[in-house]
Amino acid sequence: MTRWEAVRLVAALGAVEMCLVRDDPVAGPLLAQARRAAAGTAVAPLLDEAAAISRATSGDGDAGARAARKVVQALVRAATQAAQAVALAAP
Amino acid sequence: MSVRRAFGEWIAPGGALDAERLAELERLLVEGCPPTPGPVVDVHAHLGRDADGHALDAADLVADMDAHGVDRAVCFPANEPGDGDAAFAASNAAVLGAAQDHPGRIVPFCRVDPARGAAEAMERAAAAGARGLKLHPVAQGFAPDSSECVACVRDATRRGWPVLFHAGYGARALAAPFAALLDAAPGCRIILAHAARGDARAVWDVARGRGDVWWDTSLASLADVAMLPPSRVLFGADRPYGEHATARQLVALAAAVAGWDDAQVAGVMGGNALALLGETP
């Protein structure tokens with residue numbers, strides 16, 4: 001991942017994270033955008049999985065949907081942190 | 001039905017979540033973190049059931065701790081003040097009971113609402129073995145520099161307790177209120193959860209050289225954690241809102257970005273917390 005790619009991802013994932021915290025339905029489309037931005041980078045598997053889970057769950061508030069939302073949050077957090085580390089690395 | 005745990009969640013087969021795939025992603029994430037040289041203390045865990053649906057019991061927390069090499073966890077109630085006096089009586093008692101059920105693993109802090117019977121609640125908790133205080137200015141709707149909050153912090157300081165404050169999502173501007181609190185409660189020891197996310201730069205400016213302030217890493221931003229002196233940073237996961245895998249990743253990445261050495265990482269992961277709590281490894 002280049003620093004350019006990392007900065008772009010950090011910005012995209014910051015919006016995703018806040019939508020997930022607020023349980024905002026726009027989280028899914030934003031996550032899909034971030035996944036495309038991450039294609040081919042080291043964090044792509046994390047965001048592929050997060051996007052797949054997001055597409056497959058209804059978000060209707062049952063226990064399974066709550067667990068899915070928490071897992072998606074964790075995957076997004078892992079990708080965000082990895083991208084932040086690249087962005088913060090010395091040039 | 002067989003279930004397994006990944007990223008802190010129980011995952012049943014046949015649903016939208018692929019338990020094996022998630023466990024593999026979690027394993028890869030953790031494998032990327034260097035081993036921790038010393039005891040590991042998670043300073044931020046909630047037990048009970050929050051009003052927003054998040055829930056965790058002591059058995060599941062200890063299982064998480066075992067899976068991630070966490071020796072001890074500082075625990076306090078979720079946002080569960082109770083229907084009666086709303087003074088966290090039952091939820092504090094549950095945390096104190098969990099500490100007795102898991103000796104050496106759970107360090108109990110009590111939680112109070114500064115505006116609702118706080119002095120009595122702290123007295124009860126102290127008698128039952130509480131070791132510190134958790135305050136949540138957003139959930140309980142108070143300002144850190146309000147007279148009620150200052151009274152709680154002074155009471156905790158008199159008891160030798162550190163005070164952990166929520167200082168992240170939803171918090172208003174933090175720097176000026178915490179500066180006022182530190183000035184109003186001499187000798188207090190304050191832990192700012194989430195590394196004061198959202199107001200970290202301003203808080204650092206006022207906390208530097210003023211009082212005994214620590215920062216926990218739970219659900220914090222890497223840029224905020226990496227700018228802090230590692231001697232003042234405490235590992236935290238914020239179970240069940242966060243989980244241990246990404247919490248460990250955050251510290252590993254902060255160490256790499258900021259150039260912490262092994263001794264500094266050991267301090268962040270547990271040594272600093274043990275010193276703050278007055279415990280030996």
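A note on names: the letters A, B, ... follow the listed sequences, proteins ahead of strands, and every chain is numbered from 1.
What you find for B/L47 and B/A98 is that their closest heavy atoms are CD1-CB, 3.8 Å.
When heavy atoms are compared at a cutoff of 4.5 Å, B/L253 approaches chain A solely by way of its side chain, counted from C-beta outward. For chain B, no part of A/A52 is nearby; none of its heavy atoms comes within less than 4.5 Å. For B/A6, the part lying under 4.5 angstrom from a heavy atom of chain A is the backbone only. Only the side chain of A/E49 comes within contact range of chain B, with heavy atoms under 4.5 Å apart.
A salt bridge links B/R27 with B/E24; the closest basic N to acidic carboxylate O contact falls under 4.0 Å. Using a cutoff of 4.0 Å between basic side-chain nitrogens and carboxylate oxygens, A/R77 and B/E243 are scored as salt-bridged.
Judged purely by atom type and a 3.5 angstrom limit, B/D42 uses its side chain to pair as donor or acceptor with the backbone of B/A237.
Looking at A/D24 and A/M18, their side chains never come closer than 4.5 Å, going by heavy atoms from C-beta outward.
Looking only at heavy-atom pairs under 4.5 Å with chain B, the residue among A/A78, A/A85, A/A87 that has the most is A/A78. Ranked by heavy-atom pairs shorter than 4.5 Å toward chain A, the options B/L250, B/L29, B/L28, B/L219 are led by B/L250.
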